[in-house]
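Reading through the structure tokens given below for one structure.
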Amino acid sequence: MMTTRAITTGQTPSPEYDVVIVGAGFSGLYMLHRLRGTGFTARILERASDVGGTWYWNRYPGARCDVESMQYAYSFSPELEQEWVWTEQYATQPEILSYANHVADRFDLRCDIQLNTDVLSATYDESAQRWRIETKDGPPISAAFCIMATGCLSTTNTPHFDGLGTFAGTVYHTGEWPHEVVDFTGQQVGIIGTGSSAIQSIPVIAEQARHLYVFQRTPHYTVPARNRYLQSDPETRHSGRSAYGFDVDLTIEEIKADYAGLRERARNMFAALAFTPNRKSALEVSESERQREFEARWQSGGVPFQGAFIDLVSDRQANETAARFVRKKIGETVHDPVVAKALMPTYTFGCKRLAVDTGYYETYNRTNVTLVDVSRSPIERITPNGVRAQGCEYPLDSLITATGFDAMTGTLLNIDIRGRRGVSLRDKWAEGPTSYLGLGIAGFPNLFTITGPGSPSVLTNMLQSIEQHVDWVVACLEYLRERDIPEIEATPDAEIAWVAHNNEVANDHIRSSCTSWYIGGNIEGKPRVFMPYVGGFPVYVEKCNEIAANGYTGFSFGAVSA
Ligand code: FAD
Ligand code: NAP
């Protein structure tokens, strides 16, 4: 059993732990579980009223994962893998949230999770070699190590719209959706944004609303999910096959029989996601073979479409063949040619994160859906009655902002984090985030970020990345304790070299060729830096393992002058 003792700092009794973890999403839950049995005392501080992170907050209609559920699941426990039953190929938000709750209960984590606790600041006390963590309510908490498991997409972004506060109806953000059911039946609804969240919710809301107005600034590439039930059911048409991957046709039982094999294949893939990529170049094959390959993947569904050819992300001409194919599909699906044209993206395919949808383009054929193109002239203002754009007022009962997140850095910088000599992370990252491996930050000893900027994180199946980071951090903590080392910190030189390597791989990459949240392009004034590591999961893991095996090269065990 873990123990907690109260120490006194000034007048305030301060609980003291070996490790404080901020966040009870999949990162925080696994970190707490891994620390169990190691002898480290640990506590999670979570601002929400329950566990689940992303899946606690994003309850909008149609929310589900776009990584197949059998892969978007922890791999650390074979028993958990075997006992949990996913009902659909792409799990819904309620099902993923109940999985997170199941994990918290099954591994008895709740007693060390403090909910409704908003962390405001974390300050490193150099003389005590401890972090002092202040929360909105309650006494400060002291910890030798502070783990930021705060998520990459956990601070919503609502851009400034003149008059937003005057709107007489209800405003919803997809990332802060109410817990009670929102019924749009009979309503005029507006939605701003056409990213992944909007693409998932638009078809569902369109079925309910009297009329849905979609305000689109930039069209997004999306491919059909072709979601299926995973359970064989003789009463229905569902066979329960095709549980994962392009051209791989397995039942849930067959996958479970070799779950470890699936995980191993995933870990060897660029995005830590198992599917069958085509090793051919899009430019080396005939036009008919190219179309056949794209068509087969379009019919099969999901992100394996991106694996149609090996050079879709490395060669502009190859990339354009995929872009043209998707535009052709939009043209064939959407009846009104003007609407179809407005929905066709012209930037590089896959630059913004590819969305996976169910009936998205088809929705624009409904008579109760209107696409309002705000690409050339922005939304003018929000009025008490609705949205004013293109010189018209669109009267609305409800307005949804599907405008995304201050991704990767926003949540960390909302916390006042101060390292050596009181230097704040906000100042250090004023020109953009810098880190060593997305795990450690020079000047901030004994602080780790799970899937921080500079790690593959959002470019991968996040569950795999989370497990890899947590396992690495726990091994590091054990290494320190075995050697009686109280402090670890990324060296400035290692951080500079890692950032340079990140920039080098990102600069020519298709992912950095357009404005997206990957480069902070969705937030006014945010430095334009490509934030995730785009070198691929296997290369990254090898680097992390090598660093650990060599005694944590690039980290110092005590103060280093900057
Ligand atoms: P989160 O789940 O974001 O959890 C972080 C937690 O930290 C939150 O609960 C938050 O409340 C808490 N927190 C933050 N700041 C504080 C503070 N100051 N004080 C206290 N608590 C704090 N990834 C995939 O790989 N596949 C998908 O299909 C996929 N779908 C997604 C769909 C949506 C709608 C979104 C938004 C993201 C999706 N992601 C997906 C990414 C997703 O964020 C990760 O897969 C994963 O859930 C992240 O887990 P986490 O624990 O690292 O972070
Ligand atoms: P997003 O991709 O950032 O999309 C935000 C949308 O809002 C964009 O269409 C953007 O247009 C628009 N927008 C922003 N400001 C605007 C303004 N002032 N006027 C008009 N439009 C404006 O956010 P998201 O859809 O929430 O997705 C974020 C990430 O979360 C995804 O990329 C993905 O990683 C994850 N996610 C995954 C899933 C899933 O399928 N599992 C679902 C949802 C989210 P511009 O493009 O012009 O900026």
Side-chain angles (χ1 to χ4, degrees), residues 21-31 44-48 50-60 62-69 71-72 90-91 93 96 100 114-122 133 135-136 148-161 173-175 191-201 215-220 222 225 271-273 303 345 347 352-357 374-375 378-379 389 401-405 407 410-412 414-415 450-451 457-466 469 514-518 521-524:
I21 304 157
V22 187
F26 285 127
S27 297
L29 292 176
Y30 182 48
M31 176 56 81
I44 289 184
L45 308 178
E46 166 58 60
R47 72 152 67 104
D50 213 335
V51 303
T54 289
W55 306 101
Y56 170 93
W57 295 106
N58 290 265
R59 295 166 186 246
Y60 58 83
R64 58 173 76 238
C65 59
D66 60 4
V67 162
E68 290 163 325
S69 41
Q71 299 200 55
Y72 191 74
Y90 297 98
Q93 171 272 330
I96 304 171
Q114 193 174 312
L115 299 167
N116 303 306
T117 303
D118 202 346
V119 172
L120 301 180
S121 70
I133 292 132
T135 63
K136 200 164 167 201
M148 291 298 178
T150 43
C152 296
L153 295 159
S154 46
T155 293
T156 55
N157 166 45
T158 303
H160 174 79
F161 296 108
H173 194 294
T174 46
I191 183 164
I192 301 175
T194 49
S196 302
S197 300
I199 284 171
Q200 287 187 330
S201 55
F215 298 90
Q216 174 189 268
R217 186 167 66 182
T218 313
H220 208 91
T222 174
L273 183 67
V303 290
Y347 52 89
K352 290 175 190 262
R353 184 188 167 101
L354 181 67
V356 175
D357 72 274
V374 293
S375 59
I379 288 169
T401 49
T403 45
F405 301 88
T411 308
L412 288 167
N414 278 344
I415 303 171
I450 304 302
T451 67
S457 62
V458 290
L459 300 178
T460 66
N461 168 10
M462 285 287 279
L463 268 280
Q464 288 276 2
S465 281
I466 286 168
H469 261 197
C514 69
T515 301
S516 72
W517 58 260
Y518 293 134
N522 62 331
I523 307 285
E524 223 177 298

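Just so it is clear, the values below take in all heavy atoms, side chains as well, and ignore hydrogens, waters and symmetry mates. Start at 1 and go down the list; that is how both ligands and their atoms are numbered.
- Taking 4.5 Å as the limit, every side-chain heavy atom of Phe26 sits out of range of all side-chain heavy atoms of Ile450.
- Note: no N/O pair closer than 3.5 Å links Tyr60 and ligand 1 by distance alone.
- Interface of Asn461 with ligand 1, defined as ligand atoms under 4.0 Å from a residue heavy atom, comprises 25 (O).
- Taking every heavy atom of Gly193 and a limit of under 4.0 angstrom, the matching atoms of ligand 2 come to 6 (C), 7 (O), 9 (O), 12 (C).
- Of the protein's heavy atoms, Thr218 OG1, 3.4 Å lies nearest to atom 45 (P) of ligand 2.
- Contacts between Tyr60 and ligand 2 below 4.0 angstrom, taking non-hydrogen atoms only, involve the side chain exclusively.
- Between Gln93 and Tyr60 there is no side-chain heavy-atom pair separated by less than 4.5 Å.
- Near Asp66, meaning under 4.0 Å from one of its heavy atoms, ligand 2 places the atoms 39 (C), 40 (O), 41 (N).
- The distance from the OG1 atom of Thr194 to the CD atom of Gln216 is 4.0 Å, given to the nearest 0.5 Å.
- Distance check: Asn157 CG to Ile523 CD1 gives 3.5 Å after rounding to the nearest 0.5 Å.
- Ligand 1 has no N or O atom lying under 3.5 Å from any N or O atom of Ile415, backbone or side chain.
- In this structure, atom 40 (O) of ligand 2 lies nearest to the protein heavy atom Gln200 NE2, 3.0 Å.
- Proximity annotation for atom 52 (O) of ligand 1: of Ala407, Ala24, Ser27, Ser27 comes nearest, heavy atoms only.
- For the ligand labelled ligand 2, residue Phe161 lies inside the 4.0 Å heavy-atom shell.
- Listed by number with element, the atoms of ligand 1 under 4.0 Å from a non-hydrogen atom of Asn58 are 34 (C), 36 (C).
- Regarding atom 4 (O) of ligand 1, its nearest protein heavy-atom neighbour is Gly53 CA, 3.5 Å.
- Close approach to Ile192 involves these atoms of ligand 2, each under 4.0 Å from a residue heavy atom: 20 (C), 21 (N).
- When non-hydrogen atoms are compared, ligand 1 lies under 4.0 Å from the backbone of Asp66 as well as from its side chain.
- Between Asn522 and ligand 2, no pair of N/O atoms sits closer than 3.5 Å.
- Proximity of a side-chain donor or acceptor of Gln114 to a complementary backbone N or O of Leu45 within less than 3.5 Å is not detected.
- Neither the backbone nor the side chain of Tyr56 has any atom closer than 4.0 Å to an atom of ligand 1 (non-hydrogen atoms only).
- Residue contact annotation: His160 has no non-hydrogen atom under 4.0 Å from ligand 2.
- Contacts of Ser197 with ligand 2, taken as heavy-atom pairs under 4.0 Å, involve both backbone and side chain.
- Residue contact annotation: Thr460 has a non-hydrogen atom under 4.0 Å from ligand 1.
- Distances between N or O atoms of Ser197 and those of ligand 1 include no value under 3.5 Å.
- Of the candidates Arg353, Arg217, Gln93, Arg217 brings a heavy atom nearest to atom 10 (C) of ligand 2.
- Of all atoms in ligand 2, numbered sequentially from 1 with element shown, those under 4.0 Å from a heavy atom of Arg64 are 39 (C), 40 (O), 41 (N).
- When the heavy-atom distances from atom 32 (C) of ligand 1 to Trp55, Tyr30, Phe26 are ranked, the shortest goes to Trp55.
- Ligand 2 has a nitrogen or oxygen under 3.5 angstrom from a nitrogen or oxygen of Thr194.
- Using 4.0 Å as the threshold, Ile450 has no heavy atom nearer than that to any atom of ligand 1.
- Contacts between Thr150 and ligand 1 below 4.0 angstrom, taking non-hydrogen atoms only, involve backbone and side chain alike.
- Remark: distances from the non-hydrogen atoms of Asn414 to ligand 1 are all 4.0 Å or more.
- Arg353 places a side-chain heavy atom less than 4.5 Å from the side chain of Asp66.
- For the pair Tyr72 and ligand 1, the shortest N or O to N or O distance falls below 3.5 Å.
- Given atom 21 (N) of ligand 1, the protein heavy atom at minimum distance is Arg47 N, 3.1 Å.
- In terms of polar-atom proximity, Thr451 is not counted as a contact of ligand 1, lacking any N or O under 3.5 Å from an N or O of the ligand.
- Considering only non-hydrogen protein atoms, atom 7 (O) of ligand 1 sits nearest to Gly23 CA, 3.2 Å.
- Near Cys65, the atoms of ligand 2 lying under 4.0 angstrom from a non-hydrogen atom of the residue are 41 (N).
- At a 4.0 Å heavy-atom cut-off, ligand 2 does not touch Pro378 at all.
- Remark: minimum distance from atom 6 (C) of ligand 1 to any protein heavy atom is reached at Glu46 OE1, 3.5 Å.
- Of all protein heavy atoms, the one lying nearest to atom 49 (O) of ligand 1 is Ile466 CD1, 3.7 Å.
- Between Gln71 atom CD and Leu463 atom CG the span is 10.5 Å, to the nearest 0.5 Å.
- At a heavy-atom distance under 4.0 Å, only backbone atoms of Ala149 (N, CA, C or O) approach ligand 1.
- The nearest non-hydrogen atom to atom 41 (C) of ligand 1, considering only Leu153, Val51, Val119, Val67, comes from Leu153.
- Where the criterion is an N or O separation shorter than 3.5 Å, residue side chain and backbone included, His220 fails it with respect to ligand 2.
- Nearest protein heavy-atom contact of atom 15 (N) of ligand 1 is Thr411 CG2, 3.3 Å.
- Those atoms of ligand 1 with a heavy atom of Asp118 less than 4.0 angstrom away are 17 (C), 18 (N), 19 (N).
- Note that CZ of Phe405 is 11.5 Å distant from CH2 of Trp57, once rounded to the nearest 0.5 Å.
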Open item on the list: Run Thr155 and Thr411 through side-chain hydrogen bond (donor to acceptor under 3.5 Å, both in side chains) and show every step you take.
Closed with: CA-CA 6 Å; Thr155 293; Thr411 308; 2.6 Å; yes

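- The option from Gly175, Cys152, Pro159, Gly195 that lies nearest to atom 2 (O) of ligand 2, judged by heavy atoms, is Gly195.
- Closest protein heavy atom to atom 2 (O) of ligand 1: Thr54 N, 2.7 Å.
- Of the polar atoms of Lys352, at least one N or O is found under 3.5 Å from an N or O of ligand 2, judged by distance alone.
- Close N/O approach between Thr174 and ligand 2 is not found [any backbone or side-chain N/O within under 3.5 Å].
- Contact annotation: Phe215 has no heavy atom less than 4.0 Å from any atom of ligand 2.
- Of the protein's non-hydrogen atoms, Met462 N, 2.8 Å is the one closest to atom 25 (O) of ligand 1.
- The shortest N/O to N/O separation between Phe405 and ligand 1 does not fall below 3.5 Å.
- Only side-chain heavy atoms of Leu153 come within less than 4.0 Å of ligand 2; its backbone N, CA, C and O stay farther off.
- Between Ile466 atom CD1 and Asn461 atom CG the span is 9.0 Å, to the nearest 0.5 Å.
- If you take OG on Ser197 and NE2 on His220, they are separated by 9.5 Å, rounding to the nearest 0.5 Å.
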